[in-house]
Number of protein chains: 2
Amino acid sequence: MHTSMSAPSGARINAIPLQLREQGEVESRPTSSFVDGQSIYSSGERAGQAYRVEFGAVRVYRVLANGRRQILAFHFGGSWFGLQNGDHHRSTAEAIGVTGVKCVSLRESPHVWNGLLPAVLENFSSAQEHQLVIGRQSAVERIAAFLLEMSAHAGHSRRFELFMPRVDVADYLGLTIETVSRSLTKLKNKDIIKLHGARGIEIVDYRALQNLCL
Amino acid sequence: MHTSMSAPSGARINAIPLQLREQGEVESRPTSSFVDGQSIYSSGERAGQAYRVEFGAVRVYRVLANGRRQILAFHFGGSWFGLQNGDHHRSTAEAIGVTGVKCVSLRESPHVWNGLLPAVLENFSSAQEHQLVIGRQSAVERIAAFLLEMSAHAGHSRRFELFMPRVDVADYLGLTIETVSRSLTKLKNKDIIKLHGARGIEIVDYRALQNLCL
DNA sequence: CGTGCCGTTGACAGGCGTCAAGTACAGTGG
DNA sequence: CCACTGTACTTGACGCCTGTCAACGGCACG
């Protein structure tokens with residue numbers, strides 16, 4: 001199970017951010033392991049911890065009352081998540097594939113907050129970037145931006161595997177799975193990308209993909 | 001000029017956040033005044049300052065190469081903005097109506113960063129909230145959410161004035177001005193709101209508006 | 001080989017963008 | 001005082017993009 005996920009996530013372990021190692025507070029904690037789809041925290045639960053992805057991937061999302069879901073962010077190795085100001089989580093975080101996560105209690109060690117400012121700013125920046133994508137870009141443009149984002153997380157590789165199913169891509173980009181599929185097909189037919197199986201992506205024309213995101 | 005703006009923004013001066021007064025660093029700075037549409041900082045400029053709205057309002061936006069604009073956030077009295085991790089601004093901030101802004105240099109006083117974590121978390125939270133709106137809601141639902149947001153900034157008043165023109169609302173919600181106008185008309189025809197002139201909003205059925213944002 | 005999940009493709013309808021015309025209003029100048 | 005002008009907003013007609021519904025194909029697993 002999850003063979004198609006564990007291979008790329010294994011490669012990603014080496015990408016764990018060294019600049020955050022300085023925080024001995026974090027390194028002293030054990031890594032918790034989660035299986036695919038397992039909840040790391042849920043909306044409504046009491047907050048008070050900071051989380052960092054060690055390996056694998058995490059989706060953070062919120063669900064509207066009518067069932068519509070919006071994935072706010074994907075997090076990969078080294079990325080912090082779950083940082084917020086309220087007492088209770090307003091979003092849910094789930095593992096994508098087998099995923100390792102380190103937790104720090106902010107109640108026991110409130111001073112850790114000080115070191116997390118760069119991480120919060122990073123999250124904030126990503127959220128703003130994503131606002132542009134879902135606010136002002138067409139379906140194909142969103143897919144292009146998404147593929148470039150995933151490529152960047154894979155070390156700007158031209159060939160990589162998507163960690164998540166289509167429904168996650170759709171809920172991240174504010175689209176439906178059908179539109180995601182159709183947009184990928186369009187990019188394929190324009191010889192901008194090649195598809196290798198359901199999750200494999202090969203970027204043939206990197207520049208064309210970038211031009212779509214203008 | 002701007003009479004329709006200065007009245008509500010004047011009321012808002014009292015709403016300046018007291019919990020931030022502790023930072024004498026901020027209070028020691030003079031307030032710079034900006035006229036309607038004046039740039040506070042621009043995309044590409046060197047960053048290194050934190051900004052706080054004293055009175056009036058501010059829009060922060062980015063523009064894609066093809067001219068499409070996305071307003072990332074509106075900021076009102078007491079709100080911090082311009083906080084980011086890079087060396088250079090990736091967005092532009094402009095005054096809406098006559099606006100007062102206090103600046104703090106983060107290069108001269110880097111320790112100020114520590115006190116700004118709550119403000120960054122607040123900005124981050126707002127961005128996430130907005131992701132849901134523009135990612136998963138219809139035009140009418142976005143307008144409903146927007147009106148409730150503006151109402152909240154006016155002390156949850158049922159009657160308030162919009163500070164900004166339709167084009168700002170549209171670029172904030174990822175819509176066109178025509179769709180904004182039509183959606184407002186729909187809400188008006190359903191007797192959920194009343195329109196008083198171009199900018200005046202009266203919420204007749206608060207509950208109905210909330211139900212639209214589910 | 002059947003079953004179930006995931007992804008793709010097609011037909012169709014509806015929502016929103018685009019283009020265009022019309023209205024309201026403030027400011028200006030005669 | 002009133003016509004003129006420019007800006008902001010509204011309304012209408014129309015077309016496209018994307019959502020919806022449905023059928024189909026591929027692959028893993030039992």
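Proteins come first, then strands; the chains are lettered A, B, ... in the order of their sequence lines, and each starts at number 1. What you see is a predicted model, and the numbers here were worked out from it, not measured in a lab.
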If you pin Ile177(A) and Ser183(B) to their nearest nucleotides in DNA chain C, which one's is more 5'? Ile177(A)

Decide yes or no for Glu161(B) and Ile201(B): does some side-chain heavy atom of the first lie under 4.5 Å from some side-chain heavy atom of the second? no

Return yes if a side-chain donor-acceptor contact under 3.5 Å exists between Gln70(A) and Asp171(A), otherwise no. no

For Tyr172(B), all residues meeting ring-ring contact (aromatic ring centres under 6.0 Å, His included), sequence neighbours excluded: Phe74(B), His130(B), Phe146(B)

When the distance from CG of Leu187(B) to C1' of dT11(D) is rounded to whole Å, what number comes out? 16 Å

Backbone of Thr179(A) reached by a side-chain donor or acceptor of Ser181(A) within 3.5 Å: no

Rounded to the nearest 0.5 Å, what's the gap from CD1 on Ile193(A) to OG on Ser183(A)? Could you check? 9.5 Å

Would you kindly give the CG-to-P distance between Leu162(B) and dT10(D), to the nearest whole Å? 10 Å

For a quick test of reading the model: is some side-chain N or O of Thr176(A) closer than 4.0 Å to OP1 or OP2 of dT20(D)? no

What residues 138-147 of chain A contributes to the DNA chain C interface at heavy-atom separation below 4.0 Å is none

With sequence neighbours excluded, what pairs up with Asn66(B) under the side chain to side chain contact (heavy atoms under 4.5 Å, CB included) test? Leu64(B), Arg68(B)

Is it the case that Glu45(A) and His88(A) place a side-chain donor and acceptor less than 3.5 Å from each other? no

Of the residues in residues 190-198 of chain B, which ones touch DNA chain D at a heavy-atom distance under 4.0 Å? Ala198(B)

Between Glu141(B) and Ser138(B), do the side chains contain a donor N or O and an acceptor N or O under 3.5 Å apart? yes

Separation of atom CZ in Arg136(A) from atom C1' in dT18(C), rounded to whole Å: 13 Å

If you pin Arg166(A) and Thr179(B) to their nearest nucleotides in DNA chain C, which one's is more 5'? Arg166(A)

Taking ring-ring contact (aromatic ring centres under 6.0 Å, His included) as the definition, give me every residue that meets it alongside Tyr41(B), ordered by chain and number, with sequence neighbours left out. Tyr51(B), His89(B)

Protein N or O to nucleotides 19-21 of chain C N or O, pairs below 3.5 Å:
unit_1  : atom_1 : unit_2    : atom_2 : d
dC19(C) : N4     : Glu178(B) : OE2    : 3.1

So what does Leu184(B) touch, heavy atoms closer than 4.0 Å: a base, only the sugar-phosphate, or nothing? nothing

